[in-house]
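For reference, the structure is listed below as structure tokens.
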Amino acid sequence: MAYHKSCISSSQEATALLQWKDSLQNESQSNLSSWISPPNSPNNSSPNINQTSNPCMWFGIFCNPGGSVIKLELNNSGLEGTLHGFSFSTFPNLSYVNLSGNNLFDSIPSQISYLSKLIYLDLSSNKLSGKIPPEIGLLTELEVLNLGDNHLNGSILEEIGHLKSLSKLSLFSNSLDGFIPVSLTNLSKLEYLHLHNNELFGFIPLEIGNLSNLVELSIHSNILIGSIPPTFGNLKRLTSLFLYNNSLSGSIPSELGNMGSLVRLSLQTNHLNGSIPPSLGDLGNLTLLYLYFNNLSGTIPEELGNLKRIKNLQLSRNQLHGYVPNSFVNLRNLNVLYLRDNQLSGRVPKSLKNCSSLVRVRLEGNQLTGDISEDFGVYPTLNYIDLSYNRLFGKISSNWGQCPQLATLKIGGNNLTGSILLEIGKLTKVHVLDLSENRIVGAISKEIGKLTSLERLMLNGNQFSGSIPLELGSLTDLEYLDLSSNRLKDSIPSNFGDLLKLNYLNLSHNNFNQTLPVPLMSLFQISEMDLSFNSLNGEIPSEISKMQSLEKLNLSHNYFSSFIPTAFEEMRALLYIDISYNDFQGPIPSNKAFLDAPLEALQGNKGLCGNVTATIPIMGALLVLFAFFRVFIAFKRRKKDPESEQSVMHEVEFLSMTTVNGRTMYQEIMKATKGFDDLYCIGKGGCGSVYKAKLPFGVIFAVKKLHQAHDDRKGLQKEFKNEIRALTEIRHRNIVKLHGFCSHPEHPFLVYEYFERGSLAKNLENEDSAKVLDWNKRLNIVKGVAYALSYMHHDCVVPIIHRDISSRNILLDSQYDAHVSDFGTAKLLTKLDTSNWSSLVGTYGYVAPELAYTIKVTEKCDVYSFGVLALEVLMGKHPGDFICSLSSPSAMKNVQLKDVLDRRLPFPQHVHEEELNTVVKLARKCLDCQPQSRPTMHFISNVLKAQIAIS
């Protein structure tokens, strides 16, 4: 009778499996070819002799002695479909399910709770979505639960804390948010907890320190805040602790030194401060220690020299000072040592000379001293070393030529002297060689021509003399070559035309003469070429049109003559050109780079004419206004500092060289706007009105006239000076260009490029123009603003904070590209600038919440405003109260992309849908109430530029 029941059970299970197979995509079914119906079944037309209808013999199916299915192992089997066609209630004995590495999608059915004997469940690396069903909490026999690498959302269920038998919980790489539930700390048998790559926020529960059986704890790449719990010191069995890429703050608990089993400790990319606890030196089993990209200060503890098993030590990008400990001599197994971008000083420790196990070393960006010819030895496994921008001296050692695996050698920005030794030719595997910005003399060694693997060669900023050796033309893998700022002479080698992979070439600030070699024009992959400040002459070869990838070209300060070849009109990639101070004449090519070129990129030639000649006198006049302002400022400085007279005379000389009457320019603008008549007003703001000025030359400018109420008796008002100061510091394609200004006491105004489509706000408010702004255009607008802010925050010598990012201050050009405008409230930041404390400014609805209780301005204020703007672009209107729902996990659970998007446009295609989802997630991070938890604009722009989704 028992056998009969098992046959019935087996038959039911076989039928259920076949039904599930039928629900999968056709391609998936072919991978389950051994699953067939019984011979008398209508579904089995021609059974293969090697096949069987017994499910216990099917691929991926395992049964108990009674013939009932107990194990389903179909990982990496190409299955595509859902789990909704799987009859969970038909498999009462199923204890092991592994469906990982397939293409299963849709949600996890709640019926999975019928598998009451389930011990092992792995659904990782699929495309499952939706929330984790709370019914999973009924599977009390579960020992392994792996749902990682899917598209699950919502919060981590409290019910998972009921799975008392669980030894492994993996929910990594999903879109889970909310807090880490304290109920997880009830899982006393837990050994592996993997919650990384999600959107979890809040604090790390102190109670995790009670999970004494933990072996691996991975909660990195979330949005966690607060400090590292000192209770982690109780985790005596823990071998891996990964907390990196969060927003954790506070100091590193000294209690971590009690974790005697720890092998890997990763705390990088947080906001940790304080000093490195000496107790970390007690972690005798540690092989990897990552503390980089934090705010750690103090010295490197000598105790770290006790980590005799350490292989990878990275402390870069902190504020560490003092010496590199001599105790590092004990680190005999060290492969990777990264200490870059700190404030370390003193001599490079002698211990490094004998550390033959080194593979990668980065010490750049410190103040280390030492003789490079004596303090570094021979390293048989060394692959990468960067010692740039320290205070090293001496001559290049012949030891480098005895490092057979060396692929990158960077020693730029030091005080090296002498010449390049013949031994340099032994570095046959080197890909990157950077000896720039030193005091190296003599000729460029022909031996470099033997380095046939070279991809990047930087010798700029030295005192090399003589001609370029022809041997450099044999470096056919070269992609980047910088020989600028030396004393090189003679002609540019014609065989440089053989460097077909070259995308960057800088030979500026040398003494090269003769004409441009025609073979050089064969560099069809080159994107940037700078030959300025030489003595090159003759005509530009018409073959330059072959350089179809060229984006930036600087030929200024040479002796080029004759006409500019019309071949430039075929170079559609060209964005920037500088031909100033040559002997060019005749028409300018109808190329965007020439037509958009500023005056300073064209001046100093005999006589240029063409489509842009009308702009040259205009620009000259505006330059006069700029010169007047500079003279005025210099004159005021002279009153305070008599020794500045020479500087003032330089300004006056500059003024006398111009040929356009500034008064005439002022009168032309007054005439074009009829004395700033409201008829020409195209916009009004808090500190001024903007007018459209069409000059007789046919060029249109936007002129911003400041309100009289803002006029300062002492001269230029604060907003006026702010705007000038900010916009003269920056130049970016997504930032409005300031052409000039006038400090007339009655009519102070600024002159900008004119954008015919007006503000983003105006385009979104108008029904017709909003529909023209399709998803592609809107995504480009978000990206453009992100790129501009990233440039201002991270790429300017002095960071600039805009402080008033809003849709009314974003202008659109004819191609709907975004341009950030209105810098009247901008601030230039310095680390010790007390003026960073300021009164509240900005547009209501875009101002960061912290400015309600603090007046300290940081770049995170702009990040918040960008988050509001990004949502506004997607929604077609200001997000308003929707911002509040972003901070509420419960409210966000019910929000879908369709609820966010502007309904005036059709729902986006798949490719845009993913990008729009990324923008929403970025915006949510930007709108975090805690400024330190918001991402940087550099991070945001990189995500948008790569078009990658974020978890």
Exercise: do [X] and [Y] side chains pair donor with acceptor under 3.5 Å:
X: R347; Y: T369; result: no
X: N285; Y: R309; result: yes
X: E437; Y: Y389; result: yes
X: H793; Y: D862; result: yes
X: S247; Y: Q932; result: no
X: S218; Y: H196; result: yes
X: N270; Y: Q268; result: no
X: N197; Y: S221; result: yes

Roughly how far apart are [X] [atom1] and [Y] [atom2], rounded to 0.5 Å?
X: Q314; Y: L339; atom1: CD; atom2: CG; answer: 9.5 Å
X: L531; Y: L505; atom1: CG; atom2: CG; answer: 6.0 Å
X: L427; Y: E447; atom1: CG; atom2: CD; answer: 11.0 Å
X: N333; Y: T287; atom1: CG; atom2: OG1; answer: 10.0 Å
X: L789; Y: H732; atom1: CG; atom2: NE2; answer: 9.5 Å
X: I276; Y: T299; atom1: CD1; atom2: OG1; answer: 8.5 Å

So, do [X] and [Y] sit near enough that their side-chain heavy atoms are less than 4.5 Å apart?
X: L243; Y: I228; value: yes
X: L337; Y: L331; value: no
X: E423; Y: W400; value: no
X: M792; Y: H802; value: yes
X: I448; Y: L475; value: yes
X: Q319; Y: N273; value: no
X: F376; Y: V348; value: yes
X: N258; Y: L256; value: no

How far apart are the closest heavy atoms of [X] and [Y], and which atoms are they?
X: A786; Y: L944; result: CB-CD1, 3.8 Å
X: N510; Y: L488; result: OD1-N, 3.1 Å
X: Y384; Y: K410; result: OH-CD, 4.1 Å
X: I396; Y: L416; result: CG1-CD1, 4.3 Å
X: V361; Y: L382; result: CG2-CD1, 4.1 Å
X: T428; Y: L451; result: N-CD2, 4.3 Å

After noting the C-alpha distance and the side-chain angles of T417 and V441, does the key distance pass the side chain to side chain contact (heavy atoms under 4.5 Å, CB included) rule? CA-CA 7 Å; T417 55; V441 299; over 6 Å; no
Give a yes or no answer on whether the side chain of [X] reaches the backbone of [Y] with a donor-acceptor pair at less than 3.5 Å.
X: S474; Y: G449; value: yes
X: N462; Y: L459; value: yes
X: D386; Y: S388; value: yes
X: K860; Y: R934; value: yes
X: S357; Y: L334; value: yes
X: N558; Y: L536; value: yes
X: N460; Y: S484; value: no
X: N554; Y: S556; value: yes
X: N534; Y: L507; value: yes
X: N582; Y: S580; value: yes

With side chain to side chain contact (heavy atoms under 4.5 Å, CB included) as the test, would you mind laying out the steps for M529 and M547 before giving the verdict? CA-CA 10 Å; M529 184 164 69; M547 294 181 161; 3.8 Å; yes
Is it true that atom NZ of K311 has more than 12 heavy atoms of other residues, nucleotides or ligands lying nearer than 6.0 Å? no
Heavy-atom neighbours of H938 NE2 exceed 12 at 6.0 Å: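 At most 12 heavy atoms, drawn from other residues, nucleotides or ligands, come within 6.0 Å of this atom.
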Carboxylate-amine/guanidinium contact D434 R456, below 4.0 Å: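 Answer for the salt bridge query: no.
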Which residue pairs pass the ring pair (Phe, Tyr, Trp, His ring centres under 6.0 Å) test when at least one of the two sits in residues 292-326, sequence neighbours left out?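 Matches after skipping sequence neighbours: Y290-Y292.
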Evaluate S549 against Q525 for side chain to side chain donor-acceptor pair (under 3.5 Å), listing each step before the verdict. CA-CA 5 Å; S549 298; Q525 288 200 32; over 6 Å; no
Evaluation steps, side chain to side chain contact (heavy atoms under 4.5 Å, CB included), between Y576 and E551: CA-CA 6 Å; Y576 173 86; E551 297 177 358; over 6 Å; no
Suppose we screen for salt bridge (Lys or Arg N to Asp or Glu O under 4.0 Å). Which residues come up paired with K426, at least two apart in sequence or across chains?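 Here no residue qualifies.
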Enumerate, atom names and distances included, each donor-acceptor pair closer than 3.5 Å involving a side-chain atom of residues 492-504, sequence neighbours excluded.
from: N495; atom 1: ND2; to: L470; atom 2: O; distance (Å): 2.9
from: K501; atom 1: NZ; to: D477; atom 2: OD1; distance (Å): 2.9
from: Y504; atom 1: OH; to: N506; atom 2: ND2; distance (Å): 3.2

Side chain to side chain contact (heavy atoms under 4.5 Å, CB included) between L262 and L241, intermediate numbers included: CA-CA 8 Å; L262 206 60; L241 177 58; 4.1 Å; yes
